[in-house]
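Positions are given from 1 along the sequence.
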Amino acid sequence: ARERIELLFDPDTFHELDQLKAHRCTEFGMDHPDQQYPGDGIVIGHGLVNGRVVYAFSQDFTVFGGSLSETHAEKMMKVMNMALRVGAPVIGLNDSGGARIQEGVDSLGGYADVF
């Protein structure tokens, strides 16, 4: 996901947000330290594309298949709302297997927020 962001944005202009934010799920062994990934499978932020301010998110398939969790959706919504406030475009690089089944209805609620 970060590699795609680097290719998209002008050099040294991308500012990543919420790099360390992780999911809060404790069901089905998700609270085990091996199941905690900083960033929760999505990179969000803003920078310049051809000199123009752009906001973006990029899902990371290497983290839980890019599946959308409640936290993942919160990060996606954060960058979309920031772009809306300043009138900038949003680019979404989707690479996801869908909802994170371990989170059940919380993950589906995240989809409701996004759409």
- Message: Is there a path of hydrophobic side-chain contacts, each under 4.5 Å between heavy atoms, that joins M76 and L84?
- Response: no
- Message: I'd like to check K78 versus E74 (side-chain heavy atoms, cut-off strictly below 4.5 Å). Are they in contact?
- Response: no
- Message: If hydrophobic clusters are built by linking Ile, Leu, Val, Met, Phe, Trp and Tyr wherever their side-chain heavy atoms come under 4.5 Å apart, do V54 and L7 end up in the same one?
- Response: no
- Does atom CG of N94 have more than 12 heavy-atom neighbours, drawn from other residues, nucleotides or ligands, at distances under 6.0 Å? yes
- Taking atom CD of E6 and atom CZ of R2, what is their separation to the nearest 0.5 Å? 9.0 Å
- Heavy-atom side-chain contact between M77 and N81 under 4.5 Å: yes
- What heavy-atom pair brings G92 and F57 nearest, and what distance separates the two atoms? CA-CZ, 3.4 Å
- Nearest heavy-atom neighbours spanning L48 and T13: N-OG1, 3.1 Å
- Note on the structure: Q59 and A1 have their tightest heavy-atom pair at O-CB, 3.7 Å
- Say you draw a straight line from CG of D60 to CG of L93; how long is it, rounded to the nearest 0.5 Å? 11.5 Å
- Task: In plain terms, say whether D95 and R4 are close enough for a salt bridge, that is, a side-chain N and a carboxylate O under 4.0 Å apart.
- Result: yes
- Query: Where do I44 and K75 come nearest, in terms of heavy atoms and distance?
  - Reply: CD1-O, 3.4 Å
- If every non-hydrogen atom of M82 is compared with every non-hydrogen atom of Y55, which pair is closest and at what distance? CB-CE2, 3.6 Å
- Message: What's the separation between atom CD in E16 and atom NE2 in H46, rounded to the nearest 0.5 Å?
- Response: 11.0 Å
- Note on the structure: The reported gap from CG in D10 to CG in N50 (rounded to nearest 0.5 angstrom) is 6.0 Å
- Message: Please find the pair of heavy atoms, one from A83 and one from V90, that lie closest to each other, and give the distance.
- Response: CB-CG2, 3.3 Å
